[in-house]
Amino acid sequence: MKIASWNVNSLNVRLPQVLDWLAQAQPDVLGLQETKLTDEKFPTDAIREAGYEVVHAGQKTYNGVAVLAKAPITDCAFDIPGFEDPQRRVVAATIGGLRLINLYVPNGKAVGSDKYDYKLAWLEHLRGWLRDELGRHERVAVVGDFNIAPGDDDVHDPAEWHEQILCSTPERQALAGLLALGFTDSFREFDQPEKTFSWWDYRMNNFKRNRGLRIDLILTSPALTHALETSVVDAEPRAWERPSDHAPVVAEFATP
DNA sequence: ATGGTCGCGCTGCGA
């Protein structure tokens with residue numbers, strides 16, 4: 001089974017690229033972030049014609065998350081329980097024996113800002129929910145744009161980013177708190193090329209210079225970690241014409 | 001050089 005996550009930065013703009021990528025990569029499940037569409041404007045027909053079921057939690061202009069899957073999607077949730085939020089950042093869904101939680105974690109803007117406080121509060125509530133989900137499901141994948149680089153290996157220039165947003169100690173501790181529940185950053189289960197990133201700012205030719213961060217993650221529960229076969233970043237779509245600023249991340253695992 | 005690029009949607013905000 002192949003699962004993937006991609007922050008598309010507007011599905012309106014990126015739909016052709018998503019369809020191309022689905023055709024070439026053939027994931028069984030794909031979590032999208034930053035669709036920036038209301039549910040009414042979601043391109044359900046085009047996605048279905050590509051062979052995927054879909055659920056979407058969208059809003060106008062900002063945020064928006066979706067799960068695409070070749071098999072039927074059941075047991076959906078669109079909020080962290082007890083943390084209702086008008087910002088559409090969460091879709092949980094069951095696909096066969098897989099529990100998928102697709103996230104668009106708040107960016108946080110700047111350390112110490114109101115948005116930063118919201119990010120940390122959001123992550124704290126997320127941790128309680130993921131603990132419950134781990135108790136209910138064996139095979140859980142938490143995918144998405146985490147807006148946190150787990151470690152300095154995930155940063156093109158750790159000195160430049162030292163204690164900056166996406167890299168600050170409280171953010172990394174919040175992520176470590178999720179891993180402490182039993183989740184694994186699947187990417188680090190395998191040997192990887194150095195300086196592998198998943199997001200590059202549009203400005204300053206950062207992609208060409210590989211000035212990026214790895215902030216798009218696939219976390220796996222113990223049973224899923226045991227079944228892992230690969231976990232990679234597919235940087236190819238970042239080099240396409242008019243790209244998202246994020247690349248898809250992909251993990252494969254054996255099915256029982 | 002204290003900027004720079006996108007997307008949304010129409011003025012500046014969010015990333």
Side-chain angles (χ1 to χ4, degrees), chain A residues 5-21 30-43 46-47 56-66 85-91 102-123 126 143-150 154-168 170-172 174-175 197-217 233-249:
Chain A
S5 170
W6 193 5
N7 180 322
V8 292
N9 187 21
S10 169
L11 187 57
N12 226 6
V13 172
R14 230 66 66 188
L15 178 62
Q17 296 190 22
V18 170
L19 295 174
D20 286 350
W21 190 77
L30 172 61
L32 298 178
Q33 305 88 36
E34 284 206 89
T35 59
K36 300 186 175 180
L37 289 171
T38 57
D39 293 341
E40 297 74 36
K41 294 189 173 176
F42 191 87
I47 299 289
H56 180 236
Q59 67 184 86
K60 189 175 155 69
T61 309
Y62 303 115
N63 307 312
V65 282
D85 186 346
Q87 300 188 30
R88 305 287 73 197
R89 297 180 175 279
V90 173
V91 177
N102 178 40
L103 304 175
Y104 176 44
V105 175
N107 172 282
K109 190 176 173 79
V111 174
S113 67
D114 289 351
K115 290 187 170 66
Y116 183 76
D117 295 340
Y118 164 68
K119 179 179 195 174
L120 293 179
W122 196 97
L123 288 164
L126 174 67
V143 312
D145 177 359
F146 282 72
N147 270 316
I148 302 170
D154 304 305
V155 180
H156 67 88
D157 186 339
E160 179 179 327
W161 284 85
H162 179 69
E163 295 299 337
Q164 299 300 303
I165 195 67
L166 314 183
C167 298
S168 73
E171 292 168 87
R172 286 177 167 173
L175 178 60
F197 308 122
S198 68
W199 167 79
W200 301 259
D201 194 295
Y202 283 121
R203 291 168 284 192
M204 304 292 288
N205 284 316
N206 273 346
F207 179 64
K208 281 184 183 169
R209 300 155 70 196
N210 197 29
R211 290 171 49 85
L213 304 182
R214 190 175 67 90
I215 58 177
D216 299 271
L217 310 178
V233 178
D234 181 1
E236 186 195 317
R238 185 62 178 80
W240 290 350
E241 201 73 25
R242 204 179 180 190
S244 169
D245 46 352
H246 294 252
V249 295

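Protein chains get the first letters and strands the later ones, always in sequence-line order, with residue 1 at the start of each. For clarity, every value in this text was computed on a predicted model and none was experimentally measured.
Residue contacts shown for A/R211 are absent, as no nucleic acid heavy atom lies under 4.0 Å away. Within 4.0 Å (heavy atoms only), A/K115 reaches sugar-phosphate atoms of the nucleic acid but no base atom. Residue contacts for A/F207: at a heavy-atom cut-off of 4.0 Å it reaches no nucleic acid atom on any strand shown.
Taking atom CG on A/D145 and atom P on B/dA15, their separation rounds to 10 Å, with Å as the unit. Taking atom NE2 on A/H246 and atom P on B/dG7, their separation rounds to 13 Å, with Å as the unit. Taking atom NZ on A/K41 and atom P on B/dC8, their separation rounds to 10 Å, with Å as the unit. Here the P atom of nucleotide B/dA15 and the CG atom of A/D201 are 13 Å apart, to the nearest Å. The nearest whole Å value for the distance from the CG atom in A/N107 to the P atom in B/dA15 is 5 Å. Separating the CD atom of A/E160 from the C1' atom of B/dG4 is a distance of 13 Å, rounded to the nearest angstrom. In this structure, A/K60 places its NZ atom 7 Å from P of B/dC10, rounding to the nearest Å. Separating the CH2 atom of A/W200 from the P atom of B/dC6 is a distance of 16 Å, rounded to the nearest angstrom.
Residue A/R203 places none of its side-chain N or O atoms closer than 4.0 Å to OP1 or OP2 of B/dA15. Remark: A/T61 is not in phosphate contact with B/dG14, judged by side-chain N or O atoms under 4.0 Å from OP1 or OP2.
A/R14 contributes a side-chain N or O that, together with a main-chain N or O of A/R242, makes up a donor-acceptor pair within less than 3.5 Å. In terms of modelled atom types and a separation under 3.5 Å, the side chain of A/E171 and the main chain of A/L166 share a donor-acceptor contact. In this structure, the side chain of A/R214 does not engage the main chain of A/A149 through any donor-acceptor pair within 3.5 Å.
Between B/dT5, B/dG14, B/dC8, one nucleotide has an atom nearer to the side chain of A/N12 than all others, and that is B/dC8.
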